[in-house]
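We're numbering straight along the sequence, starting at 1. If you're wondering where the values come from, they're calculated on a predicted model, not measured in any experiment. Heavy atoms only: backbone and side chains are in, while hydrogens, waters and symmetry mates are out.
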Amino acid sequence: MEFNFKQNKGDYILSFTAVVQSLLVVFQQCLISVLHMPEESTTIYRVYMSALPVIISLYYILRRKGILLVITYTTVIAVLFLHRSLFPKNEPYIIQSSTRFLLPILLPVFLSVISIRKFDIFINTLYYVSWFTFGLTLVYVVSLLTGNVVFDTYNMRFSYGLLIPTLSLYNKKNKLSLIAAFLLLLIIVAVGSRGPVLLIVLYLIYDITANNRKFLFPLLILGIVLYLSIPLFINFLEHVGVMSRTLSLLQSGEINNVSGRDYYYQLTIHQLMEYPSFGLGLFGDRVYLNGAYCHNFLLELAIDFGIPIAFIICLCLLIWVIIRYYHFEPSKRPILMLFVVVAFKLLASGSYLEDYDLALLIGLLYRGDKDWF
C-alpha cells in the first residue's frame, strides 16, 4: 500500500523519528570504524541527527497529541525530581542520562509512534529506513574487506543496530528483502555479538510457528547446511582478518556464557536485598556499578522502584502485550512481535532508561494498529 507523501507528510516524519535510531547507530559506527573518527565526535553528530527529526516531529505531536505530550513530560520530570530528592547519590546519573537519552530521544520516540495516523506508513517507513541501513552496512563491509576497518574485537553496538533492519527486511518477505536480511544476519554473526543472533532466531521461531509453518522444513535444512558450513565461514573470516566471537563461542560450547554480567548481577542483587521494598531509585545501579548499568531489565526495574512495584510493572506489561496481540489484525501482529522480541535484548544488554527499543514497543502497545483521523 502506497501513500502520497505530501498528503501524509506528518505521518512519514513521525515514523522516521520513531525508527531512525537504528540507522543512526550504524551511521555512528561507520564514522568510527570507516572514517576513524573519535567516538566523542561521532556522538555529537548522532545527537544533532537525532534532534532534527525530533524538533520537526514536535509540531505534529503538539497538533495531534499535545495534551498527552504535556502530561508525559510533566509526569516523567516530576518522577525524576522526586528520585533526585529521595536518592541524592543518583543525581549525577539522573541528570546526565535523562538529558541525553530519556527526555530528548525516548519520550519523543514514544510520542511519535502514538501520533501516527496511518499504521501502514509506519511499516513502510521502517522498511525504507532498513534499506538505507543495509546500504550503510555494505559500506562498512567493503571497508572491512579492503582493510580500511581495523577490527580488533566484536562490535556489539553495530550488531544491535542491525537487529531491527534485519527483522524488518525479513518481515517483508520478497526475494530481495530476504536476501538482504540473510546477508545482514551473516554480518551480525561475523562482526557482532550473539545477542542479536539469538533474538533473530527467536523471531524466526515465532514467525514460522504462528504464520509460516510451510517454511519449517526448508529452514531446518538451511540451518543444518549453515551449521555444517561454520568451519568454512570461520576460515573465510580469518582470511580477511576477522575473528567471529559468536562462532568461537558456538564452537567451544560456551554460547551461554554470560560474559562477566554475573558480576553485575551479583552486585545489584546484593544491594537490592538491602532495600527490597523501595529499591535505590532511578539509575541506582549506576551508583554501585561505577556508572555501569546492571544489564537486566528485571533487575533494573527492581533496583529503581523496589521488588513489589517492579513485579506489578512486569505483570501489567506482559498482560498488555498479550491483550494487544489479539487486538492487532493478524497481518499486523508480526510487526508487534518484532518489537516485542527486540525489547528482549534488555534482559541481557542495555538499559530501558537509555535504549529506544522499549519506548517504541510501548508506543505500539498504546496506539495499537488502528488508523485514526
Side-chain angles (χ1 to χ4, degrees), residues 19-50 126-170 172 174-201 222-223 225-252 255 259 345 349:
V19 303
V20 72
Q21 289 302 318
S22 291
L23 174 63
L24 294 182
V25 168
V26 175
F27 175 71
Q28 182 181 15
Q29 294 305 307
C30 284
L31 292 180
I32 295 170
S33 300
V34 178
L35 299 183
H36 310 293
M37 294 178 61
E39 185 171 353
E40 296 78 12
S41 301
T42 64
T43 300
I44 296 173
Y45 283 106
R46 182 179 170 187
V47 168
Y48 285 144
M49 295 179 71
S50 297
L126 174 63
Y127 179 64
Y128 298 144
V129 170
S130 297
W131 272 114
F132 276 110
T133 308
F134 177 77
L136 270 179
T137 305
L138 290 184
V139 173
Y140 181 95
V141 171
V142 170
S143 299
L144 178 64
L145 295 176
T146 55
N148 189 42
V149 172
V150 178
F151 190 81
D152 296 323
T153 182
Y154 72 103
N155 193 328
M156 184 175 68
R157 291 183 183 177
F158 182 73
S159 59
Y160 273 116
L162 296 181
L163 176 58
I164 292 177
T166 301
L167 294 179
S168 172
L169 290 168
Y170 166 79
K172 191 69 174 179
N174 60 49
K175 289 182 180 179
L176 198 58
S177 68
L178 286 174
I179 293 172
F182 180 69
L183 291 176
L184 288 181
L185 175 59
L186 292 181
I187 293 166
I188 292 171
V189 170
V191 304
S193 62
R194 70 208 135 140
V197 178
L198 295 175
L199 293 177
I200 290 170
V201 172
L222 178 61
V225 171
L226 291 176
Y227 182 77
L228 295 175
S229 303
I230 287 177
L232 293 175
F233 193 36
I234 291 176
N235 289 335
F236 168 76
L237 292 175
E238 290 178 349
H239 180 70
V240 297
V242 174
M243 177 66 72
S244 171
R245 182 171 180 268
T246 299
L247 294 179
S248 297
L249 290 172
L250 184 62
Q251 276 199 320
S252 63
I255 196 69
S259 301
K345 69 169 267 197
S349 182

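- Taking CG of Leu184 as the reference point, atom OG of Ser159 lies at 11.5 Å (rounded to 0.5 Å).
- Between Tyr45 and Gln28, every side-chain heavy-atom pair lies at or beyond the 4.5 Å cut-off.
- The side-chain heavy atoms of Ser41 and Pro38, taken from C-beta on, include a pair separated by under 4.5 Å.
- Of all non-hydrogen atoms in Ala180 and Leu169, the two that sit nearest each other are CB-CD1, 3.9 Å.
- In this structure Lys172 satisfies the salt bridge (Lys or Arg N to Asp or Glu O under 4.0 Å) test with no other residue, sequence neighbours excluded.
- Listed by chain and number, the residues in a side-chain contact (heavy atoms from CB on, under 4.5 Å) with Ser50 are Gln21, Leu24, Arg46, Ile105 (sequence neighbours excluded).
- The shortest side-chain heavy-atom distance between Val25 and Tyr160 does not fall under the 4.5 Å cut-off.
- Expressed to the nearest 0.5 Å, how far CE of Met37 lies from CD1 of Ile44 amounts to 8.5 Å.
- Under the 4.5 Å side-chain criterion, counting only non-hydrogen atoms from C-beta, Tyr170 is not in contact with Thr166.
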- Task: Decide ring-ring contact (aromatic ring centres under 6.0 Å, His included) for Trp131 and Phe134; before the verdict, give the C-alpha distance in whole Å, the side-chain angles of both, and the deciding distance to 0.1 Å.
- Result: CA-CA 5 Å; Trp131 272 114; Phe134 177 77; 5.5 Å; yes

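- Using a 4.5 Å cut-off on side-chain heavy atoms (C-beta onward), Leu35 and Thr42 make no contact.
- Between the CG atom in Leu199 and the NZ atom in Lys345 there is a gap of 9.0 Å [rounded to 0.5 Å].
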